[in-house]
Amino acid sequence: MQQSRVGSEAIARRFDVLLVEDDQDHAELVRRCLQEHLPSAGLHHVSDGQQALDYLNRRGGFADQAQSPRPDLVLLDLRLPRVDGLSVLRQVKDTPELRNVPVVVLTTSDAIPDVTAAYRSYVNSYLVKPMDFARFDALVRQIGLYWVGRNRHP
Amino acid sequence: MRPSGRLGIGARYALYFSVPVLAVVVLALLGAGLVAWRRAKDFRRELDAAVLAARSADAETALRGTAVYLGNRLFNDLQRVDVERLNEEISEARAWLQVRTFLVTDENGTVLTDGTGENPRFGEKLAGPLPSEATPAGVLLAERGVETEVRFVVRSGEVVAGFGVVTIGEAPWQHSLQQLDARTAEVWESYRASLLSLSGVGLLVALAVGLVASGVLSRTLARPLMEMSHAAREIAGGNLDYHVDPEGAEEVRDLAEALNGMARDLRAHERALQAERADLARKNAELERFNYTVSHDLRSPLTTIRAFAGLLERSFAARDAERFRSDLARVLGAADRMRALLEDLLRLSRAGRVVDKASEVALAEVVREAVELLRGRLDQRGARVEVAEGLPVVRGDRQRLIDVFQNLVENAAKFTLGQPDPRIEIGAGTDARGLVVWVRDNGRGIDKEHQAKVFDLFEKLDPTHEGTGVGLALVKRIVEAHGGRVWVESAGEGQGAAFCMTLLPAGEGPPAAGAGTAPRGPDAAEGASEGERRGAASDAPR
């Protein structure tokens with residue numbers, strides 16, 4: 001198992017991730033892997049699309065800045081109850097204040113129509129959840145390496 | 001409308017009809033004309049000859065008479081050989097008689113005078129014969145070319161004084177003949193004129209006949225046929241609403257009606273085909289969605305299983321019993337979810353093949369069994385189930401019906417979660433639709449927009465609840481396989497919901513009175529669920 005962590009600067013810097021995932025088990029997986037590779041990252045988890053939008057727009061229970069900071073990265077599942085992933089993506093990219101938050105789709109679906117639809121709504125990246133734990137872990141690590149370590153945020 | 005360059009059928013047939021008639025008329029006229037003309041020519045010739053003969057005879061007689069008269073008149077003067085007096089007589093005669101030459105001779109035939117003063121022929125001996133005693137009336141007529149020479153005896157009684165010779169330039173009858181010529185020419189002209197005008201009239205008659213024939217043919221045959229030819233083209237081209245008014249001959253009308261009938265049938269078929277196509281499209285879309293959802297709903301738990309199985313290894317290695325147990329629980333939970341989904345899908349596919357539609361099933365028993373199966377969960381939530389008395393016996397498949405009620409009660413239990421006093425009522429009644437059975441709860445209710453989708457496969461109204469999303473779709477499929485319809489009635493949020501279905505009662509007799517209160521019938525516009533609408537559109541027997 002990979003023991004390495006993301007670069008030391010990255011560790012020091014605060015990084016908030018909003019995970020939008022309805023499957024509790026998958027959310028747990030992401031939490032554990034992220035814990036492993038980006039211990040200083042703050043993970044915020046919501047279980048459906050409506051909550052995701054509320055969080056991002058600081059509505060309802062998410063009005064508190066401190067509790068619900070603006071995320072530096074959104075990990076978005078596509079199949080969500082109430083408001084589905086694609087709608088969330090569209091609304092985020094349509095909102096000027098939210099537009100430049102990187103949204104990475106993390107889903108089980110590798111269907112081409114889904115990929116196309118996501119890119120049509122300006123998704124930043126599209127990732128398919130691997131079924132194997134080792135690979136899942138590697139993916140989360142790579143997410144960290146790239147989006148926290150390499151990628152520049154405005 | 002008409003293929004360019006070709007005459008319409010009416011015109012063509014009018015032509016076929018009138019041209020031969022015209023030809024016959026014209027030929028008849030020509031024949032008659034020819035015959036008449038020939039006869040006229042012959043007639044003319046005969047006429048000329050007859051007239052000629054008659055006139056010659058007349059003229060001859062006249063001339064002879066004139067000659068005799070002259071012979072008598074000139075006697076005295078010739079006897080006395082009074083030339084001056086003779087000349088006067090000649091001049092007189094010249095006035096009323098068209099003569100070219102007038103000679104008077106003595107009894108020997110020697111010319112005495114020719115009527116002129118100069119008298120150039122004096123003493124000339126006349127050639128040719130002279131009338132003698134034997135000559136009738138003492139007149140000799142001779143034709144010299146166009147001239148006629150008359151030689152006559154100038155005498156009184158038995159005494160002959162001399163002879164007279166008169167040449168007449170133009171026979172009087174030739175003048176008359178010319179007149180006759182002119183007259184017959186006139187007659188002939190007028191005859192020809194009338195012949196021509198007769199032909200003209202004949203032509204016009206033939207034309208008129210042709211026009212009338214064309215008109216009649218057009219109305220009874222040609223125009224209806226052209227109409228129908230046009231209609232057939234329109235219909236073939238896809239314009240199935242085109243209608244032809246039947247007119248004209250009876251057979252043509254029949255044809256028009258057959259054409260209309262054909263268009264109607266085509267329209268009906270087209271509509272049926274479109275309905276089928278729409279249905280097929282819908283089913284395909286459903287299938288797509290189904291595939292997508294199933295694949296996702298199986299893939300997710302599988303990911304969970306494999307991922308946490310991997311983590312199990314780690315926690316085992318790290319001797320972390322707590323984590324090990326919780327991760328294992330997750331694995332098993334995911335496996336259970338997969339199993340539940342697969343079972344439900346199997347049940348769903350079986351629902352379409354209702355095994356036994358005809359057996360008589362007591363609903364009371366079915367409901368009891370279904371409630372028993374759910375006893376654990378119902379007790380857990382403290383939900384009360386009230387089953388009305390006298391539920392009817394229906395026609396259907398027992399096991400499937402148990403599935404129906406199991407799903408509906410389970411669903412009701414879900415929706416009453418959080419209610420202080422969850423109550424589920426099951427009842428039946430009869431109304432215009434037939435036998436209606438319902439499962440009502442006092443739970444959260446369903447708002448209008450979701451009522452439409454509630455029976456859709458994998459449509460989970462509240463996804464936080466457990467469930468595969470197959471239950472209500474299963475209920476719908478089973479009820480429809482039994483020939484019934486299923487729908488939901490709910491006044492909205494917090495007002496509870498009633499899931500209703502129509503079933504076929506077995507045997508005679510309506511359900512017992514008081515078997516629960518019947519729900520309001522759904523209006524056409526509001527409260528009608530997708531299930532009901534779908535039911536109406538399906539081919540379930542009503």
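Chain A is the first sequence line, chain B the second, and so forth, proteins listed ahead of strands; every chain is numbered from 1.
You'll find the side chain of Arg314(B) reaches within 4.5 Å of the side chain of Phe133(A), heavy atoms only. Using a 4.5 Å heavy-atom threshold, the side chains of Leu29(A) and Arg330(B) count as separate. Arg337(B) has its side chain within reach of Asp23(A): a pair of non-hydrogen atoms, C-beta onward, lies under 4.5 Å apart.
Nearest heavy-atom pair across Arg32(A) and Ser326(B) is NH2-OG, 4.4 Å.
Remark: Thr304(B) OG1 to Gln24(A) CD distance equals 10.5 Å, nearest 0.5 Å. Residue Arg135(A) holds its CZ atom at 7.5 Å from CZ of Arg306(B), rounded to the nearest 0.5 Å.
For CG of Leu287(B), the number of neighbouring non-hydrogen atoms (other residues, nucleotides, ligands) closer than 6.0 Å is greater than 12. Within 6.0 Å of atom CZ in Arg58(A), more than 12 heavy atoms from other residues, nucleotides or ligands are found, so the atom counts as buried in its surroundings. The environment of CZ in Arg150(A) is sparse: at most 12 heavy-atom neighbours from other residues, nucleotides or ligands sit within 6.0 Å. Open room surrounds CZ on Arg319(B); 12 or fewer heavy atoms of other groups in view lie less than 6.0 Å from it. When the shell of 6.0 Å around OH of Tyr119(A) is examined, it contains more than 12 heavy atoms from other residues, nucleotides or ligands. Counting non-hydrogen atoms of neighbouring residues, nucleotides and ligands closer than 6.0 angstrom, the CD atom of Gln274(B) exceeds 12 such neighbours. Within a 6.0 Å radius of CD in Glu343(B), other residues, nucleotides and ligands contribute more than 12 heavy atoms.
In terms of non-hydrogen atom pairs under 4.5 Å with chain B, the most contact-rich of Asp22(A), Asp110(A), Asp48(A) is Asp110(A).
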Legend entry - Worked check of side-chain contact (heavy atoms from CB on, under 4.5 Å) between Arg79(A) and Asp297(B): CA-CA 10 Å; Arg79(A) 282 204 83 229; Asp297(B) 284 358; 3.1 Å; yes
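His296(B) places no side-chain N or O within donor-acceptor distance of the main-chain N or O of Ser109(A), the cut-off being under 3.5 Å.
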